[in-house]
Amino acid sequence: MNIAVIGAGWAGLAAAVTLKDLGAHVTVFEAAPVTGGRARGVDDINMGRIDNGQHLMLGAYAETLTLIKRLQANWTIDALVLREPLHLESADGRFKMRAPALPAPFNTLMALLSAKGLSSADRFKALNMMVRCRLSGWRARPLETVSALLTRQQQSAHVCLKLWIPLCLAALNTPIEKSCAQLFLNVLRDSLNGPRHASDCLIARVDLTALWPAAAAEHLTMRYRHIVRAVRATDTHVEVDGEHFDACVVAIPPYATARVLFNTSSAEDAFSQQMQSSQQSETSLQRVLEGFEYRAIATLALELEDNWRLPHNMMMLDEDPSRGHVGQWVFNRLGHDKQLAVVISDASDFLKHDRASFVEAIATQIREQCAKHPDHLNAMPAVKYQRLIVEKRATFDAVPGLKRPSNQSPWSRIALAGDWTDTGYPAVLEGAVRSGLGAAAILKKTFNL
Ligand SMILES: Cc1cc2nc3c(=O)[nH]c(=O)nc-3n(C[C@H](O)[C@H](O)[C@H](O)COP(=O)(O)OP(=O)(O)OC[C@H]3O[C@@H](n4cnc5c(N)ncnc54)[C@H](O)[C@@H]3O)c2cc1C
């Protein structure tokens, strides 16, 4: 059985290695010269290997962790990722929330109850919200936004600012007024309400391509630098740019999927494609793909003149857009004692600003806030090198009511994968991996692999 996988992001590769394990011969087509997609390593002339974007994983990313362990059998997981219990702390040290070593859900409940920088009324209301969401089976109201959920749960402006807004932006990359409460609750359910280690925070010690995508590629036939233009299903095979395969997983973003599946160049192709599916489901898939909108994430990698570490590997930054202080999280780059990475979620509004002053303002933001930390940090050294990477379509806009297709396409020989398929999660790594496994499961069932 010859299967083509289009896209070597985490979704496509998860599908590809699973199908390979089932005995298929898998060829992966990837537009870029490397694997990993949006979660990949990038070479920087001054800083060496950095990531396309700083990523945080959670202990709840069960399928992702299983895949890493399976593909990196020569490494322990601890050598590849740093795993720490939930610990949210602002760079100035005024807000701090840490999960103690207790069984779930007491670890996260205690983290809320003992949070520093929240009034006792705010702590109890936040705890109350968690308990009520749990009792309601983590169900939001139809088409509810996160902001409406927080109002309904009587969360104060302060607890929203310090806790819920940063968590929502980190998970959904969509402002609370627009983001889908159900997706947010799904993330809280699986992380804060899961088994004890589900709320752990995991940061890769190696670049994201080296974490597992490169190891996956070693088992597969890779066609790098191949931008697929057209995928056509017939009753006997699938054609990928004219090359015949028995089946195909399309694991590229929605706009690219619409292009390869529906950019039918000839009447004959159009007829053949329609013969394989009901015209109605084909049209509805096309509409669904066109319904996605996207949000940017910017990541600023900094190399300092001297070694310097944050007191905790991941810290929250207070924002003040009027001063260009738009960073939300700052990370120590593990294994590089002079390097930091700053995450700017939902970054579209800032892209028009001049880059040099943008970088300087964010460096000032970190320097000023860390100077207030009670651990009396040394002053942050000057910035020697910087690299700003802006991913304009980093994630889909996680709005309520967004229609997301399943892994099943209208054609029996084509399955769909990607963080945008109906995973129950926002655009995150675990969703991408699960979608790849889902697409592989569909082809397994169809072809009795
Ligand atoms: C800056 C940034 C920060 C993020 N932070 C986090 C985080 O902290 N935690 C988290 O869980 N998630 C995070 N995410 C989201 C996460 O990266 C994505 O959910 C995940 O990488 C999506 O994987 P995918 O395989 O679905 O898609 P992609 O990674 O987009 O993979 C699609 C692949 O298809 C290729 N391709 C596209 N068109 C074609 C074509 N026509 N022919 C051949 N190849 C093609 C692309 O080059 C790409 O390699 C972040 C994303 C970004 C951009």
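Counting convention: from 1, in listed order, for ligands and their atoms alike.
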Sole candidate of R333, Q386, Q339 that passes side chain to side chain donor-acceptor pair (under 3.5 Å) when paired with E303 |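 Of the listed options, the one satisfying the test is Q339.
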Rounded to the nearest 0.5 Å, how far apart are CD1 of I362 and CG of L300?
->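 Separation between the atoms: 5.5 Å.
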Using a heavy-atom cut-off of under 4.0 Å, does the side chain or the backbone of A251 touch ligand 1, or both, or neither?
->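 For A251, the contact with ligand 1 is made by the backbone alone.
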Classify the contact between Y61 and ligand 1 as side chain, backbone, both or neither, using a heavy-atom distance cut-off of under 4.0 Å.
->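 The part of Y61 near ligand 1 is the side chain, not the backbone.
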[X] N/O under 3.5 Å from ligand 1 N/O:
{"X": "L56", "value": "yes"}
{"X": "E430", "value": "no"}
{"X": "V260", "value": "no"}
{"X": "G12", "value": "no"}

Heavy atom to [atom], shortest distance: which of [options] holds it?
{"atom": "atom 22 (C) of ligand 1", "options": "V231, V250, D419", "value": "D419"}
{"atom": "atom 52 (C) of ligand 1", "options": "A394, G53, A427", "value": "A394"}
{"atom": "atom 51 (C) of ligand 1", "options": "E391, R40, H55", "value": "H55"}
{"atom": "atom 30 (O) of ligand 1", "options": "E30, R38, R229, R225", "value": "R38"}

Would you check whether T395 reaches within less than 4.0 Å of ligand 1, judged by its heavy atoms?
->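 For ligand 1, residue contact (heavy atoms, under 4.0 Å) with T395 is absent.
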Is it true that M57 lies under 4.0 Å from ligand 1, counting heavy atoms only?
->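 M57 does not count as a contact of ligand 1 under the 4.0 Å cut-off.
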For F29 and V228, which heavy atoms make the closest approach, and how far apart are they?
->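 In this case the closest contact between F29 and V228 is CB-CG2, 3.6 Å.
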